[in-house]
Each structure stands twice: as C-alpha cells, then as structure tokens.
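Since the structure comes first, as structure tokens, the remarks are kept for the end.
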Amino acid sequence: MADPKGFMTTPRQDWPRRPVAERVQDWDEVYVPGALLPIINKQADRCMDCGIPFCHDACPLGNLIPEWNDLVSRDDWQQAADRLHATNNFPEFTGRLCPAPCEAGCVLAINQPAVTIKNVEVAIADQAWELGFAPPRPPDRLSGRTVAVIGSGPTGLAAAQQLTRAGHTVAVYEKDDRLGGLMRYGIPEFKMEKHHLDRRLEQMRAEGTKFRTSTAVGRDVGAAELRARYDAVVIATGATAWRELPVPGRELAGIQQAMEYLPLSNRVREGDLDSSPMSAAGKHVVIVGGGDTGADCLGTAVREGAASVTQLDIYARPGAARDEDAEPWPTYPKIYRLSAAHEEARDLETAPAADADARLFAASTLRFTGDESGHVRSLHLVEVDAARRPRPGTGRTLPADLVLLALGFSGPDREDGLVDQLGLAMEPRGTITRDAGFATNVSGVFAAGDAARGQSLIVWAIAEGRAVAAAVDRYLTGSSQLPAPIGPYDRPMTV
C-alpha cells in the first residue's frame with residue numbers, strides 16, 4: 001500500500017475520452033491516447049489494500065487486484081504484469097470490454113467512487129506489451145496428447161493457450177475467415193482496435209497453438225470425425241442463436257439482427273468491403289434492446305451517418321445510485337450508465353424524442369409497418385409497467401428505415417450440425433449440458449463459455465476457458481496444475 005491515505009486525498013479520475021465531435025469521425029478507440037499513464041499511479045494509490053478484498057470475488061477470474069494496484073503505484077510494471085497475467089490470459093481485452101463488476105465490489109465503493117480497477121488493468125496490459133513483458137511461453141516439453149478447441153472467442157482462446165502451455169498439441173477451429181469470434185466481428189473498432197487481438201494471436205502461434213479458420217465443425221468437417229482425430233475436444237462456440245421479436249411486420253425488409261449488422265461494419269474496417277450493405281447512412285434507425293450489443297449498434301450507426309438513432313429499453317430508467325435494499329454492495333447494481341456511444345448520441349441529439357441520450361425506457365414494440373415495396377418505415381411502441389403490461393394511452397410511432405434487434409442470445413446455433421452429430425445433451429434453455437467437471441455426455445468432449453453457461457461477460461468467458469483447460473488437462477493426464485478459477489455452476493454475486 002504505497003499511500004495509506006490515497007483513497008482519502010485523491011479523487012477518482014477516469015481515462016478521458018476524446019471529444020465527441022472528433023471521435024465520431026473515425027473508428028479509433030474513444031479514449032485520449034497517452035492520457036492514462038500520467039494519472040494511473042495516483043489512481044492505483046486509491047486502493048485501500050483492504051483486509052477482505054471483495055473485488056476478488058466480484059471478478060470470476062480472481063484477479064489479484066490489490067497486489068497489482070500496489071505495484072503500479074510504485075511503477076513496477078514487470079511485477080504488475082506478472083501478477084495480472086497470473087489470473088488473466090487477455091487483460092487488454094477485459095480492460096477495454098468488461099463492465100468491471102470488480103469495481104462494484106470495491107470496498108471503497110461502499111461510500112465513495114470505486115478505484116479505477118479497469119483502467120489500471122488496461123494500463124498494465126498495454127505497458128506489458130510496450131516494455132516486452134508479454135513474451136510467448138511455449139511449453140518445455142510436449143505431452144503427446146492432442147486437443148481440438150471449437151471456437152476462437154475469449155473462452156476458446158483462453159482454453160487453447162492454457163492447454164498449449166501445459167504441453168498439449170492444440171488446434172483451434174473457427175468457422176469465420178478470421179480469428180476472434182465476437183471480439184473480431186461483433187465488437188466495434190471504437191471499443192477495441194483489432195491490433196490488440198492480432199498481437200495476442202501471434203503470441204499464441206509462437207507458443208505452438210494451431211489455428212484452422214473458415215472451418216465450421218459439423219459442416220466443413222464432421223464432428224464425429226474430429227472427435228475421433230483428437231484425444232479431447234472443447235466446445236467453445238459461444239451463444240450465437242439470437243432471440244427473435246415475434247410481432248406483426250417482422251417480415252419486412254430492413255429489420256435485421258444486430259449480429260447481421262455489426263460484422264459488416266467490422267469487415268469494412270478489415271478492408272473486405274468498401275461500405276456496409278446495411279449501412280445506416282441517412283436512415284432513421286431504431287435499436288430494440290437496451291444492452292451492450294444495442295449500444296454497439298448505436299455507436300456504429302452514429303459513425304455511419306444515420307439521420308436519427310433511437311434505442312428502446314424495455315426496462316424503466318434506473319436511478320443514478322445503487323438501491324441498497326434491492327442490490328446491496330458488493331453486487332453489480334443496475335444504475336444509469338452513460339457509455340461512450342450514449343454520450344455521443346446525447347451530445348449529437350440523435351434521438352430528439354428519447355428520454356435520455358438515445359434511449360426510450362420502459363418501451364415495448366407492438367408492430368412494424370412498411371411501404372408498398374415491403375420495406376419497414378415505422379415502429380409502433382407502447383410504454384409498459386414493471387410487469388411489462390402496456391400503459392393505456394402511451395402508444396407512439398417512430399420513423400424507422402432500419403431496425404436492429406439486439407435482444408440477446410439463447411445458446412449455440414445448431415445449424416452447423418455440431419450438436420446433433422455428436423449427440424450432445426441440451427438444457428431446456430438451449431445450452432449444452434455438462435457435469436461438474438465441464439464434461440458433456442460424450443466421452444472426451446467438454447463444453448465451456450456461453451455455449452454452456454448462456455450469454456455472459458468476457459471475464460466469465462475467460463474464466464471458463466481457464467477452468468475447462470484444467471479439466472481437460474486432468475482428463476488427459478490424471479492430474480493438473482492449471483488453475484481453475486470457477487466451476488460450471490458458479491454464478492455472479494446476487495442478493
């Protein structure tokens with residue numbers, strides 16, 4: 001604890017964002033380059049080194065937060081990088097993409113703004129790469145065992161890296177033409193520039209992990225054939241079966257799923273396309289769904305030059321402060337948060353009819369109507385109460401040339417045939433069944449991440465990848481020294 005009074009003398013200061021008018025003109029990350037390092041030592045000093053650090057429990061990775069806060073406050077970047085990587089394979093991803101439940105569990109957050117844990121994490125990760133503290137770590141010897149990992153999102157990559165470093169020969173199969181899963185084609189560039197992902201993939205290649213892109217297991221290669229070829233298989237395909245909105249007019253053209261829309265803008269950034277065929281340029285856009293995916297669509301539509309963008313959230317607008325009765329510390333509270341995309345929409349007034357920034361709260365879609373050519377032109381909605389019952393007299397209509405459905409995901413997509421070819425048992429909610437050791441009903445086949453847990457945060461995805469790697473290592477060798485931060489039935493802290 002470098003400064004015992006730091007939490008009393010230093011106010012919270014976050015990594016500043018670039019001006020809205022500037023950043024919406026490009027696709028670079030929203031933060032001011034170079035502005036984090038000058039402030040991060042003092043921010044790390046705010047850590048109280050409390051006797052029971054609840055930030056550990058709030059994060060499924062079990063990150064050693066007080067330890068690396070202290071090291072950063074002393075400018076010991078190498079030791080900080082070592083402690084950070086001891087629990088997290090990809091801190092540059094989580095430091096940019098995670099909503100930071102660790103900060104909600106910070107003891108200081110009981111009555112003050114929490115420590116900027118997420119900012120400290122990303123500063124360590126970036127410094128580790130800048131100063132050469134993240135070298136490849138190939139195994140000393142090979143085990144002679146082989147593992148196929150299906151899916152290259154954060155769960156699959158974490159599992160693959162852990163198993164490779166344990167000495168197993170690992171091949172990652174990815175159905176898309178590039179690696180990264182949703183981090184590649186779902187997360188917009190302004191939230192995480194893809195060179196962070198590419199750099200980590202090169203590290204994994206140098207360690208010995210093999211990658212097979214444009215290969216859908218179940219379609220391009222048989223699932224049973226793959227199982228016969230490898231000693232173990234890890235299914236980490238994610239939860240890609242999107243939820244639908246069964247209302248009148250859903251069949252109209254111009255109503256798209258968020259994950260049909262977002263990958264196209266990412267492909268423009270990759271140079272595959274000159275422009276997105278679903279571009280929001282000049283269109284009135286309505287996003288149905290109030291979560292992070294909806295916010296990603298919002299920021300993307302703003303940058304594409306939409307005429308207007310409105311986001312519908314079926315929940316009532318949350319308060320600015322934690323409800324201590326309903327969501328006491330250290331649980332992650334549902335409060336009003338202003339993401340970078342919402343800040344942009346607010347300042348640019350993209351949705352004049354919205355309650356706040358671009359959002360209409362407690363709003364439920366009733367139906368869509370279109371023009372004579374069958375293209376959507378308006379969305380009809382109604383205000384609802386806490387039980388989602390319509391409030392009489394609150395109906396309204398929004399202009400809509402492009403509607404994006406961001407309603408979440410129910411489980412793995414079964415169209416490729418992977419689930420059925422292996423004969424995997426499934427849960428009623430659409431996820432893969434597994435036991436306490438991450439094993440499915442098929443011998444040697446394990447399931448991890450959103451495909452088995454259901455959609456969750458990136459920290460849970462990486463924790464699942466690390467935990468399933470330990471389970472597979474134990475299956476292959478009889479024991480394992482790999483860390484297993486969570487079990488398959490663990491869940492976030494709730495009341």
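Just so you know, these numbers come straight off a predicted model, no measurement behind them.
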Could you tell me whether [X] sits above the aromatic face of [Y], with NZ or CZ closer than 6.0 angstrom to the six-membered ring centre and within 45 degrees of the axis?
| X | Y | result |
| --- | --- | --- |
| Arg267 | Tyr185 | yes |
| Arg303 | Phe190 | yes |
| Arg219 | Tyr173 | no |

### Partners passing side chain to side chain contact (heavy atoms under 4.5 Å, CB included) against Glu121 (at least two apart in sequence or in another chain)
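Glu121 satisfies side chain to side chain contact (heavy atoms under 4.5 Å, CB included) with Asn63, Trp68, Leu84, Asn88, Pro91, Thr94 once adjacent residues are dropped.
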
Minimum heavy-atom separation for [X] to [Y], with atom names?
| X | Y | value |
| --- | --- | --- |
| Leu264 | Met278 | CD1-CG, 3.7 Å |
| Ala295 | Ser339 | CB-OG, 4.2 Å |
| Lys118 | Glu103 | N-OE2, 3.0 Å |
| Lys194 | Glu189 | CG-OE1, 3.1 Å |
| Val382 | Arg391 | CG2-O, 3.8 Å |
| Ser265 | Thr300 | OG-CG2, 3.6 Å |

Would you call [X] and [Y] a salt bridge, using N to O less than 4.0 angstrom?
| X | Y | result |
| --- | --- | --- |
| Arg377 | Asp401 | yes |
| Arg178 | Asp176 | no |
| Lys175 | Asp413 | no |
| Arg18 | Asp26 | yes |
| Glu343 | Arg23 | yes |
| Lys191 | Glu29 | no |
| Asp14 | Arg12 | yes |
| Arg96 | Asp126 | yes |
| Glu327 | Lys334 | no |

Are [X] and [Y] close enough that some pair of their side-chain heavy atoms sits under 4.5 Å apart?
| X | Y | answer |
| --- | --- | --- |
| His196 | Trp129 | no |
| Val459 | Ile462 | no |
| Val445 | Leu424 | yes |
| His85 | Phe90 | no |
| Thr293 | Leu404 | no |
| Ile314 | Arg388 | yes |
| Leu360 | Gln311 | no |
| Phe93 | Met183 | yes |

Flag, side chain of [X] to backbone of [Y], donor-acceptor distance under 3.5 Å:
| X | Y | value |
| --- | --- | --- |
| Arg359 | His342 | no |
| Gln421 | Gly218 | yes |
| Gln161 | Gln203 | no |
| Ser152 | Gly180 | yes |
| Asp371 | Gly374 | yes |
| Asp272 | Val268 | no |
| Arg466 | Ala484 | no |
| Thr350 | Leu348 | no |
| Glu464 | Thr155 | no |
| Asp313 | Phe361 | no |

### Task
Please say whether more than 12 non-hydrogen atoms of neighbouring residues, nucleotides or ligands are located less than 6.0 Å from CD in Glu22.
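Counting neighbours around CD of Glu22, more than 12 heavy atoms of other residues, nucleotides or ligands fall under 6.0 Å, so yes.
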
### Message
Take a 6.0 Å sphere around CD of Glu415 and say whether it holds more than 12 heavy atoms from other residues, nucleotides or ligands.
### Response
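No, not enclosed.
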
Distance, nearest 0.5 Å, that separates [atom1] of [X] from [atom2] of [Y]:
| X | Y | atom1 | atom2 | value |
| --- | --- | --- | --- | --- |
| Ile117 | Ile65 | CD1 | CD1 | 4.5 Å |
| Cys297 | Asp292 | SG | CG | 11.0 Å |
| Leu157 | Met204 | CG | CE | 5.0 Å |
| Leu418 | Ile432 | CG | CD1 | 6.5 Å |
| Glu260 | Ile255 | CD | CD1 | 11.5 Å |
| Ser410 | Gln455 | OG | CD | 8.5 Å |

### Task
Go through the steps for Tyr336 and Asp357 under the test side-chain hydrogen bond (donor to acceptor under 3.5 Å, both in side chains), then give the verdict.
CA-CA 11 Å; Tyr336 177 74; Asp357 48 76; 2.4 Å; yes

### Residue pair Val403, Phe368: steps toward the side chain to side chain contact (heavy atoms under 4.5 Å, CB included) verdict
CA-CA 9 Å; Val403 176; Phe368 303 106; 3.8 Å; yes

### Query
Given Gln13 and Thr116, is the side chain to side chain contact (heavy atoms under 4.5 Å, CB included) satisfied, shown in steps?
CA-CA 8 Å; Gln13 186 177 1; Thr116 56; over 6 Å; no

### Task
Evaluate the side-chain hydrogen bond (donor to acceptor under 3.5 Å, both in side chains) criterion for residues Asn119 and Gln43: first the C-alpha distance (whole Å), next the side-chain angles of each, then the deciding distance (0.1 Å), finally the verdict.
CA-CA 9 Å; Asn119 283 179; Gln43 291 304 303; over 6 Å; no

#### Entry: Output field: ring centroids Trp15/Tyr31 closer than 6.0 Å
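Close enough - the centres of the two rings lie under 6.0 Å apart.
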
### Query
Would Arg212 and Glu174 count as a salt bridge (charged side-chain N to carboxylate O under 4.0 Å, His left out) if you check the C-alpha gap in whole Å, the side-chain angles of each, and the deciding distance to 0.1 Å?
CA-CA 6 Å; Arg212 309 280 186 266; Glu174 169 56 51; over 6 Å; no

### Message
As a quick check of understanding, evaluate salt bridge (charged side-chain N to carboxylate O under 4.0 Å, His left out) for Asp198 and Arg184, giving each step before the final call.
### Response
CA-CA 10 Å; Asp198 294 332; Arg184 174 71 66 185; 2.6 Å; yes

### Task
State which residue, out of Thr310, Leu381, Leu407, fulfils the side chain to side chain contact (heavy atoms under 4.5 Å, CB included) condition with Val288.
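Checked Thr310, Leu381, Leu407 against Val288; only one passes side chain to side chain contact (heavy atoms under 4.5 Å, CB included): Leu407.
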
### Task
Start with the C-alpha gap between His380 and Thr369, add the side-chain angles, then the distance that decides, and say whether side-chain hydrogen bond (donor to acceptor under 3.5 Å, both in side chains) holds.
CA-CA 8 Å; His380 305 264; Thr369 53; 3.0 Å; yes

